[in-house]
2 protein chains.
Amino acid sequence: MTNNTPVTLKFLADKLKMSVSTVSKALNNYPTINAYTRQRVQEMARDFHFTPNKSAINLKEKRSRIIGVILPNLLDHFFTRSIYGIEQFATQNGYNVIISQSHDELEKEIQSANMLLRSRVDGLIVAISKHTQDFTHLNQFENIGIPVVYYTRNPSFNLNCHKVLCNTFQGCYQATKLLIDRGHQKIAYLGGPKMINFTHDRFNGYINALKDNEVPFSSELVAYTDFDKENTITAIKNLFVYPENKPTALVAFKEPILFDAIKYLRSTKHFKTNEVECIGFGNTSFISYLDSPPIASIEENPESVGENAISLLIQLINKEIDIHNYQKVMVDCKLIVHGLNAGSV
Amino acid sequence: MTNNTPVTLKFLADKLKMSVSTVSKALNNYPTINAYTRQRVQEMARDFHFTPNKSAINLKEKRSRIIGVILPNLLDHFFTRSIYGIEQFATQNGYNVIISQSHDELEKEIQSANMLLRSRVDGLIVAISKHTQDFTHLNQFENIGIPVVYYTRNPSFNLNCHKVLCNTFQGCYQATKLLIDRGHQKIAYLGGPKMINFTHDRFNGYINALKDNEVPFSSELVAYTDFDKENTITAIKNLFVYPENKPTALVAFKEPILFDAIKYLRSTKHFKTNEVECIGFGNTSFISYLDSPPIASIEENPESVGENAISLLIQLINKEIDIHNYQKVMVDCKLIVHGLNAGSV
DNA sequence: GCAATTATTTCAAACGTTTGAAATGTATTT
DNA sequence: AAATACATTTCAAACGTTTGAAATAATTGC
């Protein structure tokens, strides 16, 4: 059944005994084309399943209608959910999306960037790897007029760029506030890798909530970890070694870390005696399967972050916003309280 | 800093006072080009950050070096992990990947297919939605010579197609076998949606393991559910209503269903008295956070499934395999046993 | 019925690249 | 010094589409 003569405008034109331009204009509903002609062309196009060749159009129009996305990986639900927002908005606006994972490695990020540059994407959305300090591979895009929107991850020293960020300060503030309101005075903070920009924003949210509510701060209540299980256990052990500063609540950087913390606390019976109430960033459905779930989750609204990023990008592509008029969009977090009445097991 | 004259072959040719073809051939290392000329051209190209225009190349070469992927969604770890395999292999072979989610809706799947057809992908990898009965939107690809590989999901009546599938029969067989070897005689089977093809393969794996080991089968030990929590609870309740057929072990269709089952069993204290040992398809890291983890997971090797799918697709694109010589690849599952000695809590 | 107007179609160039054939330049042979 | 061989460069067409300008056809006014 394979048809080897490709159905092009020329093919249709020959069949209809008219010129290529008439066929093109008929298909694009030019008003100068006779209604009957237009109808004949469109019928023929339908019958032969004519599909315009995008490469040719792109070459002519000097754009690809492709948007590139570079992100650390797709196993993290934050990014996967953000893709949902990006893809949906892109499709609605006639853009395709090419997703490339950096696996949090600079080398792979550079490769992805170059690949997307060769593909002549119309714009780029990027959540940088945790090792990205140098931005030349990303700056090349702006140098030739292709807009770039940084989302979620972005080092504070990278000033001149468009960014869409979670208001992680506000999220952490609210979480801390909830714990204070529930009577806690010894609230531990378990932070994430220090290379990730918003680690500090979250810490500031925590600190400010304490200050605003006159809860004394102690550095004994603060520890940092990365996504390594061992390090998290070590960090949380350190939080519980000070007898006069024994935490009764915990704010954790992100879900896997939160889960590791909860698991550890359960093993030491802290949870079973209802001693520690936890909150963390992230809001996956797995929470409902935990025997000692966190009392609340900080929902970062990834879909909304993604949608804001691509919405801004498309405005930049359409030159509705000047590429050098750098924008900063903050997306608020939402505190999701899980069945408080149930309490810990 | 924005440069508005695009750096094309012509641009370089003018700068170097030579013809466009010399520049092109120099960059592509044609042996007929003088070494010194080649060097000058390549230097100039580097200095001006020349990037070949892919649309032009694609137009000339009548291909896009883009592979389309349609899958139900990215929130399912199986698919996300399969993307890893696909993307990696694609990149190594000079292909880009456009991913499109159908959200398990036929309408969205048709839209995605049409979008990818317009983009002139060189090949398509698809995990059909659970509502796909009619294949015209996918058959259009083969009709114009674009190969399609179906992976994971594929209804048995769709005979003439290339497919890469999990050997879900074997996976389920091994899981059932393990439970039998551990002394269980009343092994419940909690199946998934009947529209999904491999639901039946898994059931057959279960049945055959029972037969081969002379464990009597009872329909009272079999129930089906979909991904709805309520339905799963109802289904599992039904498995435990028969006093003389009370299950001591359970094989579950997929992880969220498994987790719902475990949660329910814990609420009825079955687990706490070590009465039911569970196994399920899927192998996420969340298992380690459960207080009563399954004794084993059936790892479906999604990366390998993805890699097999794209490897086959690229062979089809390169015409190393004839498009009508339909291939079927099976990828074995692997049983991952979780600390058996620990037992249930 | 002829010019003027309007409706419709076609021409031709352009987008950036590749590539076999043709042209030019240089070196070797006799 | 002419003939030959070889090295190197350039020409020109092609890929499929869009689009303003030009050409043609049909209609109107007088």
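Just so it is clear, the structure is predicted and the values come from calculations on it, not from any experiment. Quick note on labels: first sequence line is chain A, next is B, and so on, each numbered from 1.
Between B/His162 and B/His324, the distance from one ring center to the other does not fall under 6.0 angstrom.
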What pairs of nitrogen or oxygen atoms, one from the protein and one from nucleotides 11-15 of chain D, lie under 3.5 Å apart?
| from | atom 1 | to | atom 2 | distance (Å) |
| --- | --- | --- | --- | --- |
| D/dC11 | N4 | B/Ser21 | OG | 3.0 |

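Distance A/Arg118 CZ to C/dT17 C1': 16 Å, rounded to the nearest Å. Look at CD1 on B/Ile57: it is 7 Å from P on C/dT17, rounded to the nearest Å. Taking atom CZ of residue A/Phe11 and atom C1' of nucleotide D/dT17, one finds them 17 Å apart after rounding to whole Å.
Counted by atom type alone, A/Asn53 and A/Thr8 present zero donor-acceptor pairs between their side chains at under 3.5 Å.
Contact annotation: A/Ser24 does not reach the phosphate of D/dT17 (side-chain N/O to OP1 or OP2, under 4.0 Å).
Of the residues in residues 26-47 of chain A, those lying under 4.0 Å from DNA chain C by heavy-atom distance are A/Thr32, A/Ile33, A/Asn34, A/Thr37.
Looking at every heavy atom in both residues, A/Ser304 comes nearest to A/Val331 through OG-CG1, 3.5 Å. The minimum heavy-atom distance between A/Ser102 and A/Ile70, with the atom names listed, is CB-CG2, 4.3 Å. Listed here is the closest heavy atom pair of B/Tyr95 and B/Ile66: CD2-N, 4.1 Å.
Inter-axis angle, ends of the helix from C/dG1-D/dC30 to C/dT30-D/dA1, five pairs per end, rounded to 10 degrees: 60°.
Looking at which nucleotide of DNA chain C each of B/Ser55 and B/Thr22 is closest to, the 5′-most match is held by B/Ser55.
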